[in-house]
Amino acid sequence: MRDMAVIPQELLAWYDRHARVLSWRTPPGGTGADPYRVWLSEVMLQQTTVAAVKSYFERFTTLWPTVHDLAAAEDAQVMAEWAGLGYYARARNLVACARTVAQLGAFPDTREGLAALPGIGAYTSAAIAAIAFDRPETVVDGNVERVVARLFAVETPLPAAKPELTALAARLTPQARPGDFAQAMMDLGATICTPRSPACGICPIIPHCQARAQGIAAELPRKAPKKAKPQRRGTVWIGLTEDAVLVETRPDKGLLGGTLAFPSTGWDGSDLPPPAPADWQELGLVRHVFTHFALDLTVATGRLTATPQRGNLVPLGRFDPSALPGLMRKAWVLAQNPFPATARDNAPPWQTPATRDR
DNA sequence: GTCCAGGCGT
DNA sequence: ACGCCTGGAC
């Protein structure tokens, strides 16, 4: 490559004019970003879009303005506030990380020190080091992989291409303003160099893009073929008394770990019994797609006729469905409104009465 | 409806 | 390499 240094220069000039304004950011060229806010936003942004993160970030920083406040929070309240964001291991690691940092007194200011903390891996450690501590680290997320694959027309499919893309991104990273450069690359990937239909016409570094020159920008990065998701099924029981509902906290490890849930069978063929005797009535089906399988969950409700064998009875006045992950929220909504007209009308008798999604 | 994007831990 | 969730694009 002739002069790689010109690419970051031109990208930073674009970022100075077009940086997205986000509440966890300082303006381009600024310094003194709060490591706590950078860390919190970056963890929320793992696998999650900016649009989805905004309200959660405001809520968390209002409830817990500093890492010490978060370190002192109840686990259950953090899990409840995280509900809906997904990937709940992030919330458990968030609390563990906050407590470690509170013990240390402050966030480590190097990539290596940050990467030793729970929930902080290669991407997040480099991002915090660059953005909050001005370290010239190479920040590689999915946006950066896509931008770099196109700039250099890398044909190797992901994930095998990752080391190659990281090395190319490292050659681009400038010694000055590494945090702004990282955010510029991610803004470019999120707003212009998008996965489908990239807006090459307004790209600030289009003269340097080899994929565009070859007419293959929209086809990169290539990806290894993904495999089909297995279909699984199970039953979830929403048990009621006069004034309470039966819930449980799922085990910390595994699917929906540590979240609030209604008792259910296993979803892989393991066949747990109902959590209590009750006049169980099947209401219908809720469908949900996870990373690695699709789930059809039969929803049953009933009035308990004896003490439950598992779970806890929570008074309906203190039960907040927004503290449930998406799947369980769907089941709750179905139980509130079991017969939507669209699914009920003309349903043949051999089909489930209220089959629907949502 | 279906497809797809997106980091960390193990 | 796989397990982990949701929302937005099509």
Side-chain angles (χ1 to χ4, degrees), chain A residues 39-56 79 82-94 96-97 111 114-128 138-147 149 157-160 162 165-166 169 182 185-186 189-191 193-199 218-232 250-261 266-268 285-297 322 324-331 342-343 355-358:
Chain A
W39 162 73
L40 180 60
S41 64
E42 290 298 346
V43 171
M44 288 181 168
L45 288 163
Q46 292 165 6
Q47 315 293 70
T48 309
T49 60
V50 164
V53 162
K54 281 180 179 169
S55 63
Y56 285 86
M79 294 305 292
W82 194 273
L85 259 192
Y87 290 111
Y88 299 95
R90 291 185 296 170
R92 298 192 302 278
N93 285 331
L94 192 78
C97 184
R111 183 182 56 77
L114 289 159
L117 297 169
I120 301 185
Y123 161 76
T124 309
S125 58
I128 300 171
T138 304
V139 181
V140 183
D141 73 345
N143 290 303
V144 174
E145 287 178 0
R146 186 169 58 254
V147 170
L158 285 168
K162 185 150 176 80
L165 296 173
T166 300
M185 289 283 278
M186 294 189 282
T191 64
C193 197
T194 52
R196 294 178 280 208
S197 321
E219 296 165 34
L220 299 184
R222 303 201 189 281
K223 309 226 168 160
K226 47 195 169 297
K227 31 184 218 194
K229 295 179 199 296
Q231 180 73 47
R232 297 184 184 169
R250 293 177 60 86
D252 271 352
K253 297 166 73 84
L255 193 70
L256 299 175
T259 63
L260 193 64
W267 303 333
D268 48 6
L285 206 57
V286 156
R287 328 194 82 154
H288 196 77
V289 181
F290 292 93
T291 328
H292 49 298
F293 68 95
L295 178 66
D296 281 351
L297 199 56
S322 71
L324 299 168
L327 169 64
M328 292 295 162
R329 219 177 286 179
K330 287 183 201 175
T342 51
T355 300
R356 65 175 197 159
D357 186 13
R358 301 177 321 109

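All chains are named by letter (A, B, ...) in the order of the sequence lines, taking the proteins before the strands, and each is independently numbered beginning at 1. Remember, predicted model here, so these are calculated numbers, not experimental data.
A straight line from CD of A:Q47 to P of C:dC2 spans 16 Å, rounded to a whole angstrom. Spacing between atom CG of A:D141 and atom P of B:dG6 amounts to 7 Å, rounded to whole angstrom units. If you measure from atom CD of A:E145 to atom P of B:dA5, you get 11 Å, rounded to the nearest angstrom. One can place CZ of A:R90 at 19 Å from P of C:dG3, the figure rounded to the nearest angstrom. Going from atom NZ of A:K162 over to atom P of B:dG7 covers 8 Å, rounded to whole Å. When the P atom of C:dG3 is taken as reference, atom OH of A:Y88 falls 19 Å away, rounded to whole Å. Across the protein-nucleic acid pair, A:I128 atom CD1 and B:dC8 atom P stand 9 Å apart, rounded to whole Å. With rounding to whole Å, A:Q46 atom CD is found 17 Å from C:dG7 atom P.
The side chain of A:R146 sits closest to B:dG6 out of B:dG6, B:dC4, C:dT6. Comparing B:dC8, C:dC10, C:dC5 by their nearest atom to the side chain of A:L255 picks out C:dC5. Among B:dC8, C:dA1, C:dC5, the nucleotide with an atom closest to any side-chain atom of A:H288 is C:dC5. When each of B:dA5, C:dC5, B:dC8 is scored by its nearest atom to the side-chain atoms of A:P195, the top-ranked nucleotide is B:dA5.
Scanning all heavy atoms of the two residues, the minimum distance from A:A83 to A:S322 falls at CB-O, 3.2 Å. Here the closest heavy-atom approach between residue A:V53 and residue A:M44 is recorded as CG2-O, 3.4 Å. Across A:Y88 and A:G326, no two heavy atoms sit closer than the pair OH-N, 4.2 Å. Closest heavy-atom contact between A:E42 and A:A127: CD-CB, 4.1 Å.
Annotation: of the two residues near DNA chain C, A:Y87 and A:S197, the 5′-most nearest-nucleotide partner is A:Y87. Taking for each of A:R196 and A:G84 the nucleotide of DNA chain C with the nearest heavy atom, the 5'-most of the two is the partner of A:G84.
Nucleic acid contact class of A:T48 (heavy atoms, under 4.0 Å, all strands): none. Within 4.0 Å of A:A51, counting heavy atoms only, lies no atom of the nucleic acid at all. Residue A:F290 is in base contact, counting any heavy-atom pair closer than 4.0 Å across all strands shown. Using a 4.0 Å heavy-atom criterion, one finds that A:V43 contacts no nucleic acid atom at all.
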